[in-house]
Amino acid sequence: MERETDQEYTKEVTFLPDGRRLIYYNFTPEVGPTAPDTAPPREREER
Amino acid sequence: MSELRWHPFLEEWVITATHRQDRTFLPPKDYCPLCPTKPGGFPTEIPGPNFDIVVFENKFPSLQAVPPQPSVAATPLSPVAPAQGVCEVVVYSPEHQGTLAGMPLARIRNVIAVWQDRYLELGGREEIKSILIFENKGEAVGVTLRHPHGQIYAFPFIPPKLEKELAASHRYYDAHQRCLFCDTLAEEQRDGRRIVLASGRFVAFVPFFARLPYEVYLAPKRHLASLAEFTAADRADLALVLKGLLLKYDALFGLTFPYIMVIHQAPTDGGSYPDYHLHFEFYPPLRTANKLKYLAGCESGAGNYINDTLAEEKAAELRQAEPQSVAAVLAAENKRGADGGAS
């Protein structure tokens with residue numbers, strides 16, 4: 001079993017009895033207001 | 001048995017997957033294979049009880065990492081190839097009931113983070129050339145399991161629809177040195193009549209060329225080619241517009257609205273796609289509350305859609321449906337949090 005982490009979630013890779021890959025994602029509880037940052041990004045990168 | 005058979009007239013692969021005839025079809029709730037296995041209960045696809053989101057390889061895959069050899073020999077006119085690739089199921093929640101629209105923003109943000117992770121991981125494999133993330137919702141579009149979930153197909157080729165979009169984007173870029181989608185988006189925003197919902201970073205609209213009533217495109221305003229380029233702020237803002245749009249769909253006829261949702265994004269074949277712009281496409285099968293739009297003679301036979309409605313009128317209907325702004329989505333979410341809503 002392989003286990004990875006990053007800033008937001010843990011990712012646990014395992015295998016089902018028939019060999020298929022299964023990945024559990026568990027997210028760290030959020031802290032702070034629920035409102036996301038909806039401001040447009042400063043730079044526009046239209047091409 | 002699964003294999004790729006070449007269609008010489010359309011010059012595209014057909015995936016033959018006969019074992020999918022045996023897949024589970026609308027089982028009763030107690031036998032849902034996408035619920036976590038309960039102690040002493042029916043063994044489902046998910047043995048562990050503790051997760052937010054789970055991803056696993058489809059039990060009835062159209063494409064497989066180690067595919068069987070084709071059942072027939074190829075000829076020059078009839079090429080055949082192993083159906084290599086990956087088919088994954090993304091289970092949005094351990095809860096059997098519910099839809100993406102009804103989930104808290106935090107969970108929708110997490111689903112987007114998982115989509116991003118899958119795009120990066122599967123797209124990093126040498127044999128994978130393109131990733132299609134999608135959700136079929138509702139029996140009207142052929143759903144066989146009601147537990148909220150989506151799917152991912154990792155293809156060993158670039159699918160024909162994406163290939164056509166890439167070619168058009170490339171030709172436009174060569175002619176104008178600009179992104180076709182960015183220019184389309186700018187025109188939609190200037191016109192305004194077909195806009196359904198917008199935030200700081202994303203906009204949902206019924207495209208000028210909509211082929212279906214209530215067809216919607218959802219895209220970042222900023223030029224982003226794939227989920228790989230998304231920041232946390234992009235994911236948060238996308239969750240807001242996605243939830244708002246799905247709530248509007250449900251509010252339109254006062255029912256849980258069926259749809260096919262797909263994400264079109266840059267291939268993962270190692271090529272450079274600076275002229276391609278990620279976007280979601282929604283194909284709802286309903287044309288009224290109780291009438292389906294069928295892909296009949298002209299659509300199936302000629303490939304030309306006949307839309308019985310005007311994009312401007314359908315966009316106005318969707319714009320009027322609640323919630324009417326992303327601020328309203330946020331307000332409802334904060335009220336739900338204050339009321340102790342589950343996540």
Side-chain angles (χ1 to χ4, degrees), chain A, chain B residues 43 45-48 50-59 61 65 86 88 104-107 109-110 113-114 117-118 121 173 177-179 181-183 185-186 199-202 220-224 231-241 274-275 277 326-327 330 333-334 336-337 343:
Chain A
M1 187 179 292
E2 161 195 356
R3 198 179 178 92
E4 300 172 20
T5 59
D6 82 353
Q7 288 183 320
E8 287 184 294
Y9 54 80
T10 60
K11 185 178 163 188
E12 188 178 308
V13 181
T14 184
F15 292 90
L16 293 167
D18 60 8
R20 285 179 294 135
R21 202 159 178 258
L22 181 143
I23 308 166
Y24 295 107
Y25 290 86
N26 279 293
F27 287 78
T28 51
E30 294 201 342
V31 178
T34 55
D37 167 22
T38 60
R42 281 180 198 161
E43 78 289 8
R44 287 187 65 81
E45 295 177 8
E46 291 181 4
R47 292 167 191 265
Chain B
E45 292 280 63
I46 306 168
N50 299 316
F51 64 89
D52 287 320
I53 294 168
V54 71
V55 173
F56 58 87
E57 289 173 344
N58 198 317
K59 190 173 184 178
V86 182
E88 291 186 337
L105 278 173
R107 180 167 292 279
R109 284 199 288 275
N110 295 347
V114 169
D117 181 66
R118 302 318 301 146
E121 187 188 315
Y173 189 81
Q177 290 74 55
R178 295 184 59 81
C179 163
F181 204 100
C182 286
D183 280 3
L185 211 49
S199 64
R201 293 167 184 261
F202 286 83
K221 294 176 180 176
R222 191 159 53 110
H223 185 84
L224 300 173
T231 64
D234 291 324
R235 294 195 297 271
D237 206 60
L238 171 59
L240 194 57
V241 181
D275 40 32
H277 195 123
V326 291
L330 270 178
E333 184 78 5
N334 286 330
R336 174 183 184 151
S343 63

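A, B, ... follow the sequence lines: proteins, then strands. Residue 1 opens every chain.
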Is there a side-chain contact between Leu22(A) and Pro47(B) in this structure, where contact means two heavy atoms from C-beta onward sitting under 4.5 Å apart? yes

Among Ala113(B), Ala65(B), Gly48(B), residue most engaged with chain A (heavy-atom pairs, under 4.5 Å): Gly48(B)

Which distance, rounded to the nearest 0.5 Å, do you find between the CG of Asn50(B) and the OH of Tyr24(A)? 9.0 Å

Short N-O contact, Glu8(A) and Arg109(B), less than 4.0 angstrom: no

Side-chain heavy atoms of Asp117(B) within contact of Tyr9(A), under 4.5 Å: yes

Does a side-chain heavy-atom distance below 4.5 Å link Arg118(B) with Ile23(A)? yes

Among His277(B), Glu88(B), Lys59(B), the residue with the most heavy-atom pairs under 4.5 Å to chain A is Lys59(B)

Applying side-chain contact (heavy atoms from CB on, under 4.5 Å) between Tyr25(A) and each of Val54(B), Asp52(B), Val55(B), report the one that passes. Val55(B)

